[in-house]
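Residue numbers start from 1 in every chain, and the chains themselves are labelled A, B, ... in the order their sequence lines are given, proteins ahead of strands. Keep in mind that this is a model prediction, so the values were computed, not measured.
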Number of protein chains: 2
Amino acid sequence: MATGRTHRPATRSRGIPEATVARLPLYLRALTALSERSVPTVSSEELAAAAGVNSAKLRKDFSYLGSYGTRGVGYDVEYLVYQISRELGLTQDWPVVIVGIGNLGAALANYGGFASRGFRVAALIDADPAMAGKPVAGIPVQHSDELESIIQDNGVSIGVIATPAGAAQPVCDRLVAAGVTSILNFAPTVLTVPDGVDVRKVDLSIELQILAFHEQRKAGEEATAQTSAPAPAAARRDSATDQGPDGDVPAVMPA
Amino acid sequence: MATGRTHRPATRSRGIPEATVARLPLYLRALTALSERSVPTVSSEELAAAAGVNSAKLRKDFSYLGSYGTRGVGYDVEYLVYQISRELGLTQDWPVVIVGIGNLGAALANYGGFASRGFRVAALIDADPAMAGKPVAGIPVQHSDELESIIQDNGVSIGVIATPAGAAQPVCDRLVAAGVTSILNFAPTVLTVPDGVDVRKVDLSIELQILAFHEQRKAGEEATAQTSAPAPAAARRDSATDQGPDGDVPAVMPA
DNA sequence: ATGTCTTTGTGAACGCGTGCACAAAGATTG
DNA sequence: CAATCTTTGTGCACGCGTTCACAAAGACAT
């Protein structure tokens with residue numbers, strides 16, 4: 001994923017491998033689609049194809065949740081939807097705050113699929129006083145000053161950071177201090193958090209750069225090197241090496 | 001991650017492990033920041049801390065690129081910026097098209113860090129005729145009809161899909177047919193592509209669900225199970241299990 | 001009830017990624 | 001030039017994740 005995973009040593013909470021947890025939402029999506037078509041059961045083969053994974057992997061993943069299949073038949077779709085939802089904690093309501101209502105923050109706020117999975121946008125928060133009160137996605141934006149009280153009043157434990165890079169760490173610190181223990185970070189920065197707080201990051205720029213790497217490999221398989229590398233010690237600020245700044249991106253997004 | 005990674009079996013292109021490739025952009029960002037502060041050299045320890053990784057891992061990563069460090073001193077910042085940029089293919093210009101100019105597409109188009117790393121928004125494409133000609137981020141939106149000609153005229157090899165889920169696969173097919181070989185997918189769907197085409201996905205909903213999983217684990221460590229599981233075969237469409245649809249999200253975003 | 005057929009659940013092997021710990025390399029000082 | 005000190009580069013071991021391949025389990029037909 002995109003998305004990069006975060007440094008989770010080997011927490012393997014209660015025996016469910018992290019890699020499996022990351023795939024459960026994928027299965028859940030495929031199962032929900034089947035459920036809507038009133039399909040009663042699926043085989044591991046069919047479901048795996050729909051989720052884009054190996055069938056053996058899928059069976060092993062499900063085996064961590066328990067034995068929910070019937071040999072010779074497959075899995076009961078409705079039952080599996082329930083079990084996975086429960087395992088992921090989606091049977092309860094998760095109030096979420098979004099901090100940084102720029103282009104991206106607004107896009108996230110408008111995201112319909114948000115609410116459909118147990119997530120509820122409790123508040124939109126921005127540092128710009130001019131934004132305060134302005135409704136985005138039907139929810140009035142509130143000023144950063146109220147961050148702490150919003151978190152505490154609503155019992156928010158999940159925060160989404162969509163601020164510029166420079167503001168991310170301070171915002172993160174305030175969120176954590178106020179009681180948030182899970183953070184989804186869209187800002188192009190490495191966040192430092194105390195133990196017990198989970199951080200996941202979504203970084204557009206990283207994804208694009210990984211694509212570029214493979215693209216370059218695909219394209220230049222024969223023409224090995226065009227330009228030779230410059231000397232290691234000398235000042236080297238020519239041509240393409242000299243890209244713009246990174247720490248202070250103008251817009252509101254991953255860099 | 002977010003991003004979730006895609007099914008790349010073990011391609012390990014020319015000896016550089018996939019995991020290392022995924023970290024190179026992280027190092028590059030930290031190095032660029034150092035470069036702006038005119039820091040001449042860094043130790044693996046310092047750089048690793050800035051990038052949020054283990055120093056041994058960082059050294060091993062760099063060893064795949066060659067021996068660019070000096071023992072007793074560290075790494076030459078400028079030189080390393082150049083080497084990583086070159087390795088990632090960032091010394092050349094990558095024209096990119098964004099398809100689906102909803103909230104998210106617009107956010108991506110406005111993203112400044114886009115251009116700073118060798119990526120250039122060649123065109124914005126949307127299926128809505130009402131959008132055609134309207135400028136977003138200074139670039140006029142073009143209609144889907146022109147997708148093929150835009151790709152070919154600009155030599156685009158990287159496409160970003162920010163459409164609703166239902167439109168993603170058809171758009172993907174057209175992109176691939178027109179010559180795109182790398183796709184960054186924001187739509188909540190598993191895309192099917194022919195061999196030789198890379199797909200990476202960024203899925204907000206999946207990231208949130210993973211956070212919810214860990215959050216639930218943190219919260220309910222003592223209170224094991226509140227509600228008992230329903231019977232496997234019976235109709236079960238109660239309470240929280242009954243979430244809304246997923247395949248056809250109203251907004252323009254991951255689900 | 002018996003046999004056949006389908007599909008699950010999992011044991012075992014393998015490969016990738018990570019982190020430790022240390023030898024080698026070079027800078028630096030006397 | 002020799003000794004010391006810093007920091008890289010990497011051999012090695014370990015653990016997680018993936019995949020194969022098959023035995024066990026149940027459905028279904030006769």
Side-chain angles (χ1 to χ4, degrees), chain A residues 1 4-24 26-27 31 39-77 79-80 83 210 232-233, chain B residues 1 4-24 26-27 31 39-77 79-80 83 210 232-233:
Chain A
M1 45 121 121
R5 250 123 255 166
T6 329
H7 33 78
R8 171 163 298 282
T11 315
R12 185 185 278 221
S13 326
R14 207 201 52 199
I16 300 184
E18 193 61 26
T20 296
V21 173
R23 280 188 293 268
L24 289 182
L26 232 50
Y27 302 144
L31 285 164
V39 178
T41 60
V42 264
S43 68
S44 63
E45 205 71 49
E46 293 168 319
L47 186 54
V53 301
N54 185 297
S55 72
K57 195 187 294 187
L58 179 142
R59 287 199 299 276
K60 181 147 290 195
D61 283 342
F62 285 175
S63 78
Y64 292 117
L65 309 181
S67 293
Y68 294 149
T70 308
R71 299 177 188 226
V73 177
Y75 298 91
D76 182 284
V77 171
Y79 186 59
L80 210 42
Q83 289 297 344
I210 295 171
Chain B
M1 160 199 19
R5 250 123 255 165
T6 330
H7 33 76
R8 171 163 298 281
T11 315
R12 184 182 280 217
S13 324
R14 206 202 52 198
I16 300 183
E18 193 61 25
T20 295
V21 173
R23 279 188 295 268
L24 290 182
L26 233 49
Y27 302 144
L31 285 164
V39 178
T41 59
V42 264
S43 68
S44 62
E45 204 71 50
E46 293 168 321
L47 186 55
V53 301
N54 185 298
S55 72
K57 195 187 296 187
L58 178 141
R59 288 198 299 274
K60 182 151 292 194
D61 283 342
F62 286 175
S63 78
Y64 292 115
L65 309 182
S67 294
Y68 294 148
T70 307
R71 299 177 188 224
V73 177
Y75 297 92
D76 182 283
V77 171
Y79 186 60
L80 211 42
Q83 289 297 345
I210 295 171

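The distance between the ring centers of B:Y79 and B:Y68 falls below 6.0 angstrom.
If you measure from atom CZ of A:F62 to atom C1' of C:dG9, you get 13 Å, rounded to the nearest angstrom. Rounding to whole angstrom units, CD of residue A:E18 and P of C:dT18 are separated by 14 Å. We find that NZ of A:K57 is positioned 10 Å from P of D:dC20, with the value rounded to whole Å. In this structure, the CD atom of A:E45 is 8 Å from the P atom of C:dT8, given to the nearest Å. To the nearest angstrom, C1' of D:dT8 lies 15 Å from OH of B:Y68. Nucleotide D:dT8 holds its P atom 16 Å from the OH atom of B:Y79, rounded to whole Å. Following rounding to the nearest Å, B:D76 (CG) and C:dG26 (C1') show an atom-to-atom distance of 16 Å.
A residue-by-residue look at A:D61 and A:T70 shows that A:D61 has its nearest nucleotide of DNA chain D further toward the 5' end. Comparing B:A56 and A:R23 against DNA chain D, the residue whose closest nucleotide sits nearer the 5' end is B:A56.
Between A:R59 and A:Y75 the shortest side-chain heavy-atom distance falls below 4.5 Å. Contact check for B:L65 versus B:I16: side-chain heavy atoms found under the 4.5 Å cut-off. Taking the side chain as every heavy atom from C-beta outward, A:F62 and A:T20 never approach each other to under 4.5 Å.
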Nucleotides 28-30 of chain D: which of its N/O atoms have a protein N/O under 3.5 Å away?
none

Table of protein N/O atoms under 3.5 Å from nucleotides 22-24 of chain D N/O atoms:
{"residue": "D:dA24", "atom": "N3", "partner": "A:R71", "partner atom": "NH1", "Å": "2.7"}

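Side-chain nitrogen and oxygen atoms of A:S44 include at least one within less than 4.0 Å of the OP1 or OP2 phosphate oxygen of C:dT8. Residue A:K60 has no polar side-chain atom (N or O) positioned under 4.0 Å from OP1 or OP2 of C:dT10. Taking side-chain N and O atoms only, B:N54 has no distance below 4.0 Å to OP1 or OP2 of C:dG17. Under 4.0 angstrom from either OP1 or OP2 of D:dG9 there lies at least one side-chain N or O belonging to B:Y75.
For the atom pair CD of A:E46 and CG of A:L58, the computed distance is 11.5 Å after rounding to the nearest 0.5 Å. To the nearest 0.5 angstrom, A:L24 atom CG is 9.0 Å from B:I210 atom CD1.
Under the side-chain contact (heavy atoms from CB on, under 4.5 Å) rule, B:L47 has a single partner from B:L31, B:T41, B:V77, B:L26, which is B:L31.
Side chains of B:Y27 and B:D61: a donor-acceptor N/O pair is present below 3.5 angstrom, by distance only.
Closest heavy-atom contact between A:G15 and A:Y64: O-CD2, 3.8 Å.
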